[in-house]
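Written below as C-alpha cells is the structure these notes are about.
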Number of protein chains: 2
Amino acid sequence: MRDTTTLQPGLSVDCVIFGFHENELKVLMLKMKKMGKWALPGGFVDRDKDVDTEANNVLKRRTGIENIFLHQFHLFGKVDRNRPNHASNLLDNGLIDSKFKSWFEQRFITVGYYALVEYANVQAPKPDPISEKCEWLPITELPELILDHRQIIVKAHETLKKELNHQPIGLNLLPEKFTMPELQALYETVLEKKLDRRNFRRKMLSYEILIQTNERRLGGAHKAPTLYQFDKLKYKQAIDGGLKSGW
Amino acid sequence: MRDTTTLQPGLSVDCVIFGFHENELKVLMLKMKKMGKWALPGGFVDRDKDVDTEANNVLKRRTGIENIFLHQFHLFGKVDRNRPNHASNLLDNGLIDSKFKSWFEQRFITVGYYALVEYANVQAPKPDPISEKCEWLPITELPELILDHRQIIVKAHETLKKELNHQPIGLNLLPEKFTMPELQALYETVLEKKLDRRNFRRKMLSYEILIQTNERRLGGAHKAPTLYQFDKLKYKQAIDGGLKSGW
DNA sequence: AACTATTGTGTCTATAGGACACAAACATAA
DNA sequence: TTATGTTTGTGTCCTATAGACACAATAGTT
C-alpha cells in the first residue's frame, strides 16, 4: 500500500478485462486472501495522475500488456457501494494494516473500464499482495464477488454488446490469425445468441476488413477452414466510419 | 458555499442540459460574474449522497424540473483539467471567499451528465450565487467557456447522436403535441444532417409510437400540418427493445 | 380566383438480411 | 483404398428496408 496522502481520496479504478478462450468470454479476476471472494483488478488514483493513466497501469500490472483497447464505460457512485463492512472485513482478514482502516472506510466511487485482450498473451497474470491468485473466470459462472463488482461486470458486458456494432472487436480479442468460425463464435458469445453461419460470413466479408491467407487450420476431422487476419488500416477506417447497422 | 467538510473532495458533477427551440439545439449555461466566461451548471457531491442524486439536484436547482431524462455519459479525469489558475481566477474575481481557495485548488474530476428537457418548461432558469445569469445558448455558437466545459459539451453531443438510434428522444425535448416537420427538424439538428421528408415520416410512423390527433397547427401560409403526440406506453417498449437500425 | 409554400400520400428501385441447399475437403474407420 | 461423418465454402431465393422522386391537397396571401 502506497502512502495514502498522495492519493486522490475516495476514488478508485476497476478494470473488466475480457478475454476469449475455448468459446467462452472470460474475465480476469483476483481471489482475495482469506475472504475467499473474488474482485476485479483495480487501483487507486494518484493526485497527480490522470484517471485514464491509472486504468492503464492496472492493466499493465496484472497482464503485462500496454497500449491495448481500454475504454472507460461508467462511474459507479452510489454512496453505500463499499458500506458498511468492507473496511472491517479487509482488516479482520489481515489484508490491510490498521493504520489504513479509516482510509478504506471513507466513501468510495470507482470508475469502470473494460479492456479487450488476446487470451494467449496473458499466460501468467499477476496477483497483487492481498490476493492469493489471479485467474480467468468465465463470465457465465462467476463466484461470489466483493462489493458491486458483479454489477460492474454486467454493465461492462452490456456496453461491449452495444459497442460491437460500432467496433469490430475481433482484432483485440483474437490471435493474429483466426478462422471464420472462430470469429463467429466470438460474436455469438458476446451477443449471447446464435447467428447463421453463411450470413455471418457474407456480412463480415462485406466490411472488407479481413485478409484471407493461404493457410488453413488442420487437425479437425472435417474440411480445414481458411485462416484470416485483419487488415488493420481498413479496420481502423471502418471503426471511424462506424459499422453499418447491427447484428 | 456549503461547509466543504461535508463534501466528497475533488469531485463535481456537470450537467449538459439540452433544449430545442427555433430549430436549434440549445444548452443551458451560466455566465460567471466578472470573469465573463460561461460554465455548465454543476455541483459538488455530498459525502453521504449518491452521485446521481447530485446530478438530479443540479437539474432541479437550475430548471425546477424533476424526474426527467438524465444520463451519466463520462467521467472527466485529467489531472490538469482545473489547473493551473482556476482557483486564483475565482478568488481574484471575488467569486469565492479566500478560506475556500485551497478547496478549489485541489485536483478535481467531474462526472458529466446530459439531460433532455422541454424548452418551454424552463421559462426562468435560475443562476447560482456566483453567476450573473442563466440562459439557453445555441450549441453551434458557444462563447468562451471555463475549464474543459466545451469538451464536455462536445462529448455529450456525440453521445446524444449515438443514443438517438436506441432512444426516440423526441418525447423529452418536444412539447406534448408537435408536428411531423418539427420532429424531423429535431432529428436533423441533433444529427447535423438533412433527411428526406417523406422517408422520415414513413420510418417514424413504422415505429408505431405516435398517436395522430385531429388537430392541426394553423398560421402558416400553406397546408396545416397534423399534430401528433407520443404513445408513452409503446414509446417505452420501443426503447427497451432498441430501435432497429439508425438514421 | 390565382398563387405560393408546405404537407400528405404513393411509387419505383437498389440494397441488405434471413432462410436454406449443395458441393468440397479433412480425418477416421472399415 | 474406400466409405463415412462432420464442417467449411459458395450460391440462391425471398422479404424487408432505405433512398430517390412525383403529384395531389390545403392554408394563407395577393
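Every chain is numbered from 1 and lettered A, B, ... according to where its sequence line falls, protein lines coming before strand lines.
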Legend entry - Out of dT10(D), dA27(C), dT6(C), whichever nucleotide has its closest atom nearest the side chain of His222(B): dT6(C)
Legend entry - Check: Arg202(B) side chain, dG10(C) base, donor-acceptor under 3.5 Å: no
Legend entry - Phe200(B) ring center near Tyr187(B) ring center (under 6.0 Å): yes
Inset, instruction - Answer yes or no: does a side-chain N or O of Lys223(A) lie under 4.0 Å from OP1 or OP2 of dT6(D)? - result: no
Inset, instruction - Check the side chains of Asp52(A) and Tyr113(A) for a donor-acceptor pair under 3.5 angstrom, ignoring hydrogens and angles. - result: yes
Legend entry - Base dA18(D) paired with Arg198(B) side chain (donor-acceptor, <3.5 Å): no
Legend entry - Lys26(B) and Glu135(B) ion-paired at < 4.0 Å: no
Inset, instruction - For Arg201(B), answer base if it contacts any base atom (sugar-phosphate contacts may also be present), sugar-phosphate if it contacts only those atoms, and nothing otherwise; contact means non-hydrogen atoms under 4.0 Å. - result: base
Inset, instruction - Would you mind checking if Glu144(A) and Lys37(A) are paired as a salt bridge, meaning a charged N to carboxylate O distance below 4.0 Å? - result: yes
Legend entry - Heavy-atom donor-acceptor pair, Asp196(B) side-chain to dA18(D) base, under 3.5 Å: no
Inset, instruction - Look at the side-chain N and O atoms of Thr226(A) and state whether any lies under 4.0 Å from the OP1 or OP2 oxygen of dG9(D). - result: yes
Inset, instruction - Look at the side-chain N and O atoms of Lys203(A) and state whether any lies under 4.0 Å from the OP1 or OP2 oxygen of dA16(C). - result: no
Inset, instruction - Determine the contact category for Thr179(B): base if any of its heavy atoms lies under 4.0 Å from a base atom, sugar-phosphate if only primed atoms, P, OP1 or OP2 are that close, otherwise nothing. - result: nothing
